[in-house]
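When a residue number appears, it is its place in the shown sequence, counting from 1. Keep in mind it's a predicted model, so treat the numbers as computed, not measured. Counting starts at 1 for both ligands and their atoms, following the listed order. Computation of the quantities below employed the complete heavy-atom set of this structure, encompassing side-chain atoms and omitting hydrogens, waters and symmetry-equivalent molecules.
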Amino acid sequence: MSGMLAGKVALVTGAGHGIGRGHALELAKHGAKVVVNDLGGSVDGEGTGRDADVVVDLIRSRGGEAIADYGDVGSEQDTEAMVTRAVEEFGQLDIVVNNAGIVRDRVVWKMTPADFDLVMRVHVRGTWLLSHFAAIHWRERSAEVGKVPGRIINTTSGAGLQGNFGQSNYATAKAAIAGLTLTLSLELAKFGVTVNCISPAANTRISASVPEWGVQVREADDFAPDEYDPMDPSNCSPLVAWLASDEAQYINGQVLRVVRDDINLMQTWTQRSTISNGGSRWDAERLGLRVGRELYGVQARGLDL
Ligand SMILES: NC(=O)c1ccc[n+]([C@@H]2O[C@H](COP(=O)([O-])OP(=O)(O)OC[C@H]3O[C@@H](n4cnc5c(N)ncnc54)[C@H](O)[C@@H]3O)[C@@H](O)[C@H]2O)c1
């Protein structure tokens, strides 16, 4: 197939539904061969299924090349096997889109340790594991041919970047993914690999899991080619396809948020202001006065400085 990603091999996790399904279809549209991974479970991470098959069939029916993978991104064995399969079936791996996700929303006093652990396992461990095995592959290729334009595109969320009520597990996981992106982007640059992160917003099974929102789930392929819906799960897929291309080599360690047709360049934690104590240890009361006055513009509580 011709196109911006012709000759490249992509692996998209959680590509059976929602946003990942949109990515897989978009990457294939631009010529990439795609490993369509999906464990096929429920929104809260129960069960397994063959949900990847429908996406593989769609890609093939449109003239593309794809294979299904039913592995669990939280499993060391399965993620290593995903990289091996890409290499055995298509010769190499160029693009990893870490997208698989689940939610188990509850306020922190009702959330169970199991809710916390499973969400961390899928999002954080899953993103790290696949990045780890892909990095090994790119390091080996780079030793033979020099720099390789490998790509990792991770998925964070507004909950991770700004917090969200009822999502202490998910928000922690998504903040960790944004942080992981920064470190991976530093470590893999020497092989030619870039690591970036998107923060999408879409109507999917995940958003429909809050019944009060009344979300109607439509998959990316349910929309007509010329139809624009602000909450179409594939609205962020063109950005993923472009980040995966050779042209985007100069973008590394970035977080880009896509809401409707807006692409927002996000900024990491930045230092806003500083107070110092003239080279000596702080006294707690004096510190409180100066923090209030100089960092927050709050009036002193009566103590004289
Ligand atoms: N929908 C939104 O508004 C939104 C906002 C911000 C971030 N996200 C993130 O986007 C990603 C995709 O979510 P979505 O909204 O499309 O939900 P979705 O439920 O439609 O898709 C998630 C897919 O991941 C798969 N999956 C779950 N656990 C897996 C595992 N262990 N291994 C492999 N596959 C697994 C599921 O089977 C499912 O097909 C997630 O990381 C989510 O956190 C979504």
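Set against the non-hydrogen atoms of Asp72, the atoms of ligand 1 under 4.0 Å away are 30 (C), 31 (N), 32 (N). Each of the atoms 33 (C), 34 (N) of ligand 1 lies under 4.0 Å from some heavy atom of Asn37. Heavy-atom proximity to Ala201, at under 4.0 Å, picks out these atoms of ligand 1: 3 (O). Against a heavy-atom cut-off of under 4.0 Å, Asn99 is close to the following atoms of ligand 1: 10 (O), 11 (C), 12 (C), 40 (C), 41 (O). For ligand 1 and Tyr170, the ligand atoms under 4.0 Å from any heavy atom of the residue are 6 (C), 7 (C), 8 (N), 9 (C), 42 (C), 43 (O). Counting the atoms of ligand 1 from 1 in the order shown, those under 4.0 Å from a heavy atom of Gly71 are 32 (N), 33 (C). Contact atoms of ligand 1 toward Ile102: 27 (C), 28 (N) (distance under 4.0 Å to a heavy atom of the residue). For ligand 1, the atoms lying closer than 4.0 Å to a non-hydrogen atom of Thr204 are 1 (N), 14 (P), 15 (O), 16 (O), 17 (O), 20 (O).
Here the shortest heavy-atom pairing between Cys236 and Ile198 reads SG-CD1, 4.0 Å. Nearest heavy-atom pair across Leu93 and Val87 is N-CG2, 4.4 Å. The two residues Phe133 and Glu76 make their nearest non-hydrogen contact at CE1-O, 3.5 Å. Here the shortest heavy-atom pairing between Val83 and Ala134 reads CG2-N, 4.0 Å. In this structure, Ala66 and Val36 approach most closely via the heavy-atom pair CB-CG2, 4.3 Å. When every heavy atom of Ala28 is checked against every heavy atom of Ile59, the shortest pair comes out as CB-CG2, 3.6 Å.
Counting only heavy atoms of the protein, atom 5 (C) of ligand 1 lies nearest to Pro200 O, 3.1 Å. Of the protein's heavy atoms, Val73 N, 3.1 Å lies nearest to atom 32 (N) of ligand 1. What sits closest to atom 35 (C) of ligand 1 on the protein, heavy atoms only, is Ala100 CB, 3.6 Å. Counting protein heavy atoms only, atom 13 (O) of ligand 1 is closest to Ile206 CD1, 3.7 Å. For atom 21 (O) of ligand 1, the closest non-hydrogen atom of the protein is His17 O, 4.0 Å.
The heavy atom nearest to atom 27 (C) of ligand 1, out of those in Gly101, Gly14, Ser199, Cys236, is found in Gly101. With distances taken over non-hydrogen atoms, the option nearest atom 3 (O) of ligand 1 out of Pro233, Ala202, Gly41 is Ala202. Taking each of Asp38, Leu118, Ile19, Leu39 in turn, the one with a heavy atom nearest to atom 29 (C) of ligand 1 proves to be Leu39. With distances taken over non-hydrogen atoms, the option nearest atom 36 (C) of ligand 1 out of His123, His23, Arg205 is Arg205.
By the 6.0 Å contact criterion, CD on Glu227 is enclosed, its count of non-hydrogen atoms from other residues, nucleotides or ligands being greater than 12.
Considering only heavy atoms from C-beta on, His123 comes within 4.5 Å of Lys174 through its side chain. With contacts defined as side-chain heavy-atom distances shorter than 4.5 Å, the pair Trp109/Ser168 does not qualify.
Because its NZ or CZ atom is not both nearer than 6.0 Å to the ring centre of Phe191 and within 45° of the ring axis, Arg141 does not count as a cation-pi partner of that residue.
No heavy atom of Val43 sits closer than 4.0 Å to any atom of ligand 1. Not close to ligand 1: Gly126, with no non-hydrogen atom less than 4.0 angstrom away. Using a 4.0 Å cutoff on heavy atoms, Lys174 counts as a contact of ligand 1.
Of all the heavy atoms of Thr155, the ones lying under 4.0 Å from any atom of ligand 1 belong exclusively to the side chain. Contacts between Thr13 and ligand 1 below 4.0 angstrom, taking non-hydrogen atoms only, are absent altogether.
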Please assess His17 against Asp51 for the test side chain to side chain donor-acceptor pair (under 3.5 Å), listing each intermediate value before the final yes or no. CA-CA 8 Å; His17 294 282; Asp51 305 32; 2.6 Å; yes

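Formation of a donor-acceptor pair under 3.5 Å by the Arg85 side chain with backbone atoms of Ala68 is found in this model. Within the 3.5 Å criterion, the main-chain N or O of Gly16 finds a donor-acceptor partner in the side chain of Arg21.
Exactly one of Asn252, Val193, Thr194, Val148 qualifies for a side chain to side chain contact (heavy atoms under 4.5 Å, CB included) with Leu188. That residue is Val193.
In terms of polar-atom proximity, defined here as any N/O pair under 3.5 Å, Thr156 makes no such contact with ligand 1. At under 3.5 Å, not a single nitrogen or oxygen of Gly74, backbone or side chain, sits near a nitrogen or oxygen of ligand 1. Taking distance alone, with nitrogen or oxygen atoms compared against 3.5 Å, Ser157 stays at or beyond that limit from ligand 1.
Hydrophobic cluster membership is shared by Val96 and Trp128, with clusters built from Ile, Leu, Val, Met, Phe, Trp and Tyr side chains linked at under 4.5 angstrom.
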